[in-house]
Amino acid sequence: MKRVKLVVAYDGTAYHGWQIQPGAPTIEGELNRALGTLLNEEIRVIGASRTDAGVHALCNVAVFDTNTCIPAEKIAYALNQRLPEDIRIQASEEVTPDFHPRRCKSRKTYEYRILNTRFPLPTKRLYAHFTYVPLNIERMKQAACYLTGEHDFKSFSSAAAVVESTVRTVHQLTVEKEQDEIIIRVCGNGFLYNMVRIIAGTLMEVGRGSMEPDHIKEILEMGERSAAGPTAPACGLTLVKYEFL
């Protein structure tokens, strides 16, 4: 028996998130199916980040145990022949039997893209949230500063989330403009359910002038989901980097 790590990239548009759901297509479900066909074993992958429906990833991580004689580094090539085109393995390698992607110290980086133009672009509709309302990027940058560091992010978590603690550390939060796109980049040690999308939605409220940048401090102190801005649509969010420390 050996444990294999996969680095998985996917377009999440057609899927109901990472985690298996009855009667719905998911990334985890497709991986289990394809691996079972390839290895002739019942496989259950363990994912590092359980991304939501419609969220994309360049580098999510999963592990699974297998008795196969296929070299671990070759599994990526064979598996890609059995997966749909919107899921592709970027790398596969053998890891120690006790390696668990959710129990290791790690750092994740997400990007949220906003297309801020007069009219939407069809080629970006699946990978950026469109808004025609002008956003002031300098105001958004000011607000972002209040979210870096260790905070209780309860106000930035979906009410449905059940966790032991809502304290998280945001190592870096930047807001940049590249042509017609505004990119919110968040790096942290972990994120609550919908946390990055709520941060994006709140920063957009600041950008359009509906909220002052320093109001972020009060939102954190209140600890209530209703205090923060709306949850931004899933299509703009991509997991772009996963580091094990």
Taking ILVMFWY side chains as joined if any heavy atoms are under 4.5 angstrom apart, and letting links pass through other members, which residues group with V133?
L115, L121, F130, Y132

Taking side chain to side chain donor-acceptor pair (under 3.5 Å) as the definition, give me every residue that meets it alongside Q142, ordered by chain and number, with sequence neighbours left out.
none

If you count the non-hydrogen atoms of other residues, nucleotides and ligands that lie under 6.0 Å from NZ in K2, is the total more than 12?
yes

Do H56 and T13 have side chains that approach each other closer than 4.5 Å (heavy atoms only, starting at C-beta)?
yes

Drop me the distance from S106's OG to Y242's OH, to the nearest 0.5 angstrom.
3.5 Å

Where A72 and E93 come nearest, the two heavy atoms and their spacing:
CB-C, 3.7 Å

Let me see the working for T51 and Y110 under side-chain hydrogen bond (donor to acceptor under 3.5 Å, both in side chains), right down to the final yes or no.
CA-CA 11 Å; T51 52; Y110 282 92; over 6 Å; no

Would you give the length of the straight line joining atom CD of E243 to atom NZ of K241, rounded to the nearest 0.5 angstrom?
4.0 Å

Who else is in the cluster with L126 when I, L, V, M, F, W and Y are joined by side-chain contacts under 4.5 Å?
Y127

Quick check: closest heavy atoms across A232 and A200, and the distance to 0.1 Å?
CB-CB, 4.0 Å

Contacts of type side chain to side chain donor-acceptor pair (under 3.5 Å), residue E28, not counting sequence neighbours:
none

Let's go through K124 and E181 carefully: what are the C-alpha distance in whole Å and the side-chain angles of both, what is the deciding distance for salt bridge (charged side-chain N to carboxylate O under 4.0 Å, His left out) to 0.1 Å, and is it a yes or a no?
CA-CA 10 Å; K124 293 188 176 182; E181 283 191 340; 3.6 Å; yes

To the nearest 0.5 Å, atom CZ of F153 lies from atom CE of M195 at 4.0 Å

Hey, could you give me each pair passing side-chain hydrogen bond (donor to acceptor under 3.5 Å, both in side chains) that has a residue in residues 213-223? Not counting sequence neighbours.
H215-E218

Minimum-distance pair of heavy atoms, taken over all atoms of V63 and P101:
CG2-CD, 3.7 Å

Could you list the cluster mates of L79? Members are the ILVMFWY residues connected by side-chain heavy atoms closer than 4.5 Å, either directly or through other members.
V4, L6, V8, Y10, Y15, W18, I27, L31, L35, L38, L39, I43, V45, F64, I70, I75, L83, I87, I89

To check you understand the geometry: which heavy-atom pair defines the closest contact between I198 and S155, and what is its length?
CG2-O, 4.2 Å

Side chain to side chain donor-acceptor pair (under 3.5 Å) against N189, all qualifying residues, sequence neighbours excluded:
none

Tell me, please, which residues at least two apart from R82 pass side chain to side chain donor-acceptor pair (under 3.5 Å).
none

Which pair of heavy atoms, one from A76 and one from A91, lies closest together, and at what distance?
CB-C, 4.2 Å

For D52 and V55, indicate whether the former's side chain and the latter's backbone hold a donor-acceptor pair under 3.5 Å.
no

Does N40 CG have over 12 foreign heavy atoms under 6.0 Å away?
no

My understanding is that a hydrophobic cluster links ILVMFWY residues whose side chain heavy atoms are under 4.5 Å apart, including indirect links. Using that, what else belongs to the cluster containing V240?
L58

Taking all non-hydrogen atoms of both residues into account, name the closest pair between A234 and A53 and its distance.
CB-O, 3.1 Å

Enumerate the residue pairs fulfilling side-chain hydrogen bond (donor to acceptor under 3.5 Å, both in side chains) with a member in residues 62-71, sequence neighbours excluded, ordered by first and then second residue.
R3-D65, E41-T66

Residues in ring-ring contact (aromatic ring centres under 6.0 Å, His included) with F99, at least two apart?
F244

For Y146, which residues count as a ring-ring contact (aromatic ring centres under 6.0 Å, His included) partner, sequence neighbours excluded?
none

NZ/NE/NH1/NH2 to OD/OE distance under 4.0 Å, E150 and R168
no

Output, in order, the C-alpha distance, side-chain angles, deciding distance and verdict of side-chain hydrogen bond (donor to acceptor under 3.5 Å, both in side chains) for T26 and R50.
CA-CA 10 Å; T26 65; R50 297 172 179 174; over 6 Å; no

